[in-house]
Amino acid sequence: GSELKESLRPVYRNNDGAHMEKNWVWFEHNECIYFIYQCHPQQIIVRWSGQLEEELTTEAPSWYYGPIKGGTPPIPYEGKLLRFFHSTLDNDMMPPRRTYFSGALLMEPKPPFKIVAVSKRPIITGSHVDDLKVKDRPKHWKAKVVFPAGAVQRPWGWLLSLGVNDCEI
């Protein structure tokens with residue numbers, strides 16, 4: 001079986017254990033390790049080798065469905081890099097107010113990996129629907145949550161792995 005031999009927590013900005021840092025997206029390009037640190041209000045991508053090597057900052061697109069966050073690692077696609085992401089809006093009159101949306105974007109295939117296109121509409125919207133009976137939902141269950149974690153291209157389209165309502169995948 002597999003076992004975790006070692007772990008590390010990259011110390012970058014507020015990732016010191018006292019703050020909540022999340023939605024980093026790690027990927028490899030030309031034998032270098034990068035992570036997308038933020039996508040809004042600017043895109044910041046970091047080249048990392050156990051320490052900060054380079055910070056790449058580019059303009060971030062606006063998206064009608066909220067600030068772009070996290071998502072899948074970039075995948076080569078038609079001469080660009082494709083990735084799926086999530087966003088949130090606090091747009092509902094009744095609790096829970098926050099709704100998650102997932103979309104797709106294209107990035108340039110080399111540093112600084114500028115975003116060149118974003119889907120016009122969500123490809124997935126969070127809902128109250130999941131496979132759990134209400135009595136089986138854990139305390140951390142949250143309605144209207146959906147976030148992509150991985151993507152695989154198939155002949156008929158894309159297969160996404162998703163987090164759903166903070167309790168299923």
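Both Ile45 and Leu81 belong to a common hydrophobic cluster when Ile, Leu, Val, Met, Phe, Trp and Tyr are linked at side-chain heavy-atom distances under 4.5 angstrom. Under a hydrophobic clustering in which Ile, Leu, Val, Met, Phe, Trp and Tyr are joined whenever their side-chain heavy atoms come within less than 4.5 Å, directly or via other members, Leu52 and Val11 fall into different clusters. When hydrophobic clusters are built by joining Ile, Leu, Val, Met, Phe, Trp and Tyr residues whose side-chain heavy atoms come closer than 4.5 Å, directly or via intermediates, Val116 is not grouped with Phe113.
Qualifying side-chain hydrogen bond (donor to acceptor under 3.5 Å, both in side chains) partners for Arg137, counting only residues two or more places apart in sequence or in other chains: none. Checked against ring-ring contact (aromatic ring centres under 6.0 Å, His included), Phe147 has no partners two or more places apart in sequence or in another chain.
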Identify all side-chain donor-acceptor contacts of residues 26-38 below 3.5 Å with residues at least two apart in sequence or on another chain.
residue	atom	partner	partner atom	Å
Tyr37	OH	Glu21	OE1	3.2
Tyr37	OH	Glu21	OE2	3.2
Gln38	NE2	Gln42	O	3.2

Let me check something: any side-chain donor-acceptor pairs from residues 55-67 under 3.5 Å, sequence neighbours excluded? List them with distances.
residue	atom	partner	partner atom	Å
Glu55	OE2	Tyr12	OH	2.3
Glu55	OE2	Arg13	NH2	3.2
Thr58	OG1	Gln43	NE2	3.3
Trp63	NE1	Ser119	O	2.6

Scan the side chains in residues 96-105 for donor-acceptor partners under 3.5 Å anywhere in the protein, sequence neighbours excluded, and list what turns up.
residue	atom	partner	partner atom	Å
Arg97	NH1	Asp92	O	2.6
Arg97	NH2	Asp90	O	3.2
Arg98	NE	Asp90	OD1	2.8
Arg98	NH2	Asp90	OD1	3.3
Arg98	NH2	Asp90	OD2	3.1
Thr99	OG1	Asn91	OD1	3.2
Thr99	OG1	Lys144	NZ	3.4

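Taking both residues in full, the closest heavy atoms of Leu132 and Pro138 are given as CD1-CD, 4.0 Å, listed atom of the first, atom of the second, then distance. Nearest heavy atoms, Thr72 versus Ala151: CG2-N, 4.1 Å. Across all non-hydrogen atoms, the minimal contact from Trp48 to Glu53 is C-CG, 4.3 Å. Shortest non-hydrogen contact noted between His19 and Asn14 is CB-O, 3.4 Å. Residue His140 comes nearest to Asp166 through the heavy atom pair CD2-O, 2.7 Å, listed as atom of the first residue, atom of the second, then distance. Residues Gly71 and His86 share a closest heavy-atom pair of N-ND1, 4.4 Å.
In this structure, the side chain of Asp16 engages the main chain of Ala18 through a donor-acceptor pair within 3.5 Å.
Between the CD1 atom in Ile75 and the CG atom in Leu106 there is a gap of 11.0 Å [rounded to 0.5 Å]. Atom CD1 of residue Ile123 and atom CH2 of residue Trp158 lie 10.5 Å apart, to the nearest 0.5 angstrom. Taken to the nearest 0.5 Å, the CG atom of Asp136 stands 11.5 Å off from the CG atom of Asp131.
In this structure the side chain of Lys80 reaches within 4.5 angstrom of the side chain of Glu108, judged on heavy atoms. Under the 4.5 Å side-chain criterion, counting only non-hydrogen atoms from C-beta, Ile115 is in contact with Met107. Proximity of Val46 to Trp24: side-chain heavy atoms (C-beta onward) are nowhere separated by under 4.5 Å.
Atom NZ of Lys114 has 12 or fewer neighbouring heavy atoms from other residues, nucleotides or ligands inside a 6.0 Å radius.
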Could you walk me through whether Arg83 and Val25 pass the side-chain contact (heavy atoms from CB on, under 4.5 Å) check?
CA-CA 10 Å; Arg83 69 185 205 87; Val25 178; 4.0 Å; yes
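In the hydrophobic clustering, where aliphatic and aromatic side chains (Ile, Leu, Val, Met, Phe, Trp, Tyr) are joined below 4.5 Å either directly or transitively, Leu4 stands alone.
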